[in-house]
2 protein chains.
Amino acid sequence: MAPSCKGRATYHHGDLAAALVRVTLEIVDEVGVRGFSVAEAARRTRVSPGAPYRHFADRDALLAAAALEVSRRLRALYLEAVATVESPQERLATMAGSVVRAAARFRGGYELLYAPGVRTAHPDVVTAKREFVDLLLPSAFEVVSEEHGAAVALLEALQALARGYATLLLDGVFGDPDEVAEDVAARATRSARALVAGSSVTSADD
Amino acid sequence: MAPSCKGRATYHHGDLAAALVRVTLEIVDEVGVRGFSVAEAARRTRVSPGAPYRHFADRDALLAAAALEVSRRLRALYLEAVATVESPQERLATMAGSVVRAAARFRGGYELLYAPGVRTAHPDVVTAKREFVDLLLPSAFEVVSEEHGAAVALLEALQALARGYATLLLDGVFGDPDEVAEDVAARATRSARALVAGSSVTSADD
DNA sequence: GAGCGATGTGAGAGGCTCATACATTGAATG
DNA sequence: CATTCAATGTATGAGCCTCTCACATCGCTC
């Protein structure tokens, strides 16, 4: 009782689940998804190796919870970035930049969210991703003049472009990710503009 | 001598390194990169758990060798696809389709090559990837009228777009990857065309 | 204030990576 | 041929990880 500082002098932790998610993101940032281990997360929260399994079914469930947290941060990042943007074209293009910046800022976290092969196919994570894309649907509609198929196709393409730039960045194709992040984000945004422009053309003469 | 069938009745395997790469691709296809283990590869080649380490420094080295093999197949796939294509615009757009098809066909293999977080940062793999991109440089030059910066930027964008579609596909965003692969490849190609079109415009008035 | 459900501990089974010492073999050499 | 050697495979084991299970401890409810 009276947990003076952060409350782990007591037998019960207080909020182990949240603490685990926090340190999971830390660890994943430091050593990547592959380097992550539940045991290490337990160690950092000063808890026995078995304790995490009271809150998460297995390693992947913990990673999924962490991924969910990242998706919230990504969403916030994008919403902040488009807050003052009016034109639907720019709102769309901005997404690419946000995704690239998120990749650079969250690193491991981004990897967690979007790397194929990471078993974060948890339903919550899937819907979180979908909801993020849906945020852009209205803008896409405006751009392609209310054509449903074209709007979805455009969003797909934009999403693909953004993810692609992000993976190229993290892959180190452009050099040290931290250094070139802002630059790459700008180029991604520019390419997104080109794509939007090209798409309206295509949908017009299609 | 005279290894009647596949040569594993003998003490020495014959070509363990190649066999390991082969089963590694199989395993990765079945259970993903994360599910892969050197031990399982050893089991499938009917060899002791330590044997693979005679040929590959560690788990990642074996995965890198497998990734190299995949990069060869991707290259072949693309070269076949563009064999009869003349226009540089179409040669560029075709790449996107090839990458998506490769992702669908090789699955785990693709993941191995391009998933962030997979430590395939082996120099050979990196250069293999670069060489693949360089295959497209001439076409890019033609499209943007010899402007170096623009050509590189266009290739980046195309690469990003292709990878993005591929990861979306494997992510299951479009449904069962096997079923929708051809469809998605077509859409990726179309988006690539839009991007190429949009890029020439941009580079013209820039 | 007694009991109960939730949460954490400790020990351990089974699997994996990788190192090290030893066995086997094909090929080169005398 | 017989020998030797480097390459290749085996056996063993240390250390780590995931996940389970019986047990300890705590906060809350009645």
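Everything numeric in this text was worked out from a predicted model, so none of it was measured. In what follows, every heavy atom counts, from backbone to side chain, and hydrogens, waters and symmetry copies are set aside. Proteins come first, then strands; the chains are lettered A, B, ... in the order of their sequence lines, and each starts at number 1.
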Sugar-phosphate, base or nothing in reach of B:Arg59, heavy atoms under 4.0 Å: sugar-phosphate
Nucleotide nearest B:Ser37 when distance is taken to its side chain, options C:dT17, C:dG8, D:dG9: C:dT17
Candidate nucleotides C:dC16, D:dT10, D:dC19, ranked by approach to the side chain of B:Arg43 - the nearest: C:dC16
Separation of D:dC17 P from A:Arg34 CZ (nearest whole Å): 13 Å
Backbone N/O of A:Ala160 and side chain of B:Arg163: donor-acceptor pair under 3.5 Å: no
Donor-acceptor contact below 3.5 Å, side chain A:Arg91 vs main chain A:Glu86: no
Parallel, tilted or perpendicular: rings of A:Tyr165 and A:Phe174 (30°, 60°): parallel
Touch class at under 4.0 angstrom, heavy-atom based, for A:Ser48 against every strand present: base
Interatomic distance where CG belongs to A:Leu16 and C1' belongs to D:dT25 [whole Å]: 15 Å
Out of C:dC18, C:dG8, D:dT20, whichever nucleotide has its closest atom nearest the side chain of A:Tyr53: D:dT20
Sugar-phosphate only, base, or nothing, as touched by A:Ala39 at under 4.0 Å among non-hydrogen atoms: sugar-phosphate
Distance, rounded to the nearest Å, where B:Leu62 contributes CG and C:dC16 contributes P: 14 Å
Rounded interatomic separation in angstrom, taking CG from B:Asp60 and P from C:dT17: 11 Å
Listed nucleotide nearest any side-chain atom of A:Val47, set D:dT10, C:dT9, C:dC18: C:dT9
Nucleotide C:dG14, atom P - distance to CG of A:Asp58 in whole Å: 20 Å
For atom CG of B:Asp15 and atom P of C:dT25, their distance in whole Å: 19 Å
Separation of atom CZ in A:Arg46 from atom P in C:dT7, rounded to whole Å: 21 Å
Partner set under side chain to side chain contact (heavy atoms under 4.5 Å, CB included) for A:Val70, not counting sequence neighbours: A:Leu25, A:Phe106, A:Leu113
Separation of atom CZ in A:Phe56 from atom C1' in D:dT18, rounded to whole Å: 16 Å
Donor-acceptor contact present, side-chain B:Gln89 to main-chain B:Val196, <3.5 Å: no
Nucleotide nearest B:Arg54 when distance is taken to its side chain, options C:dC18, D:dT20, D:dT8: D:dT8
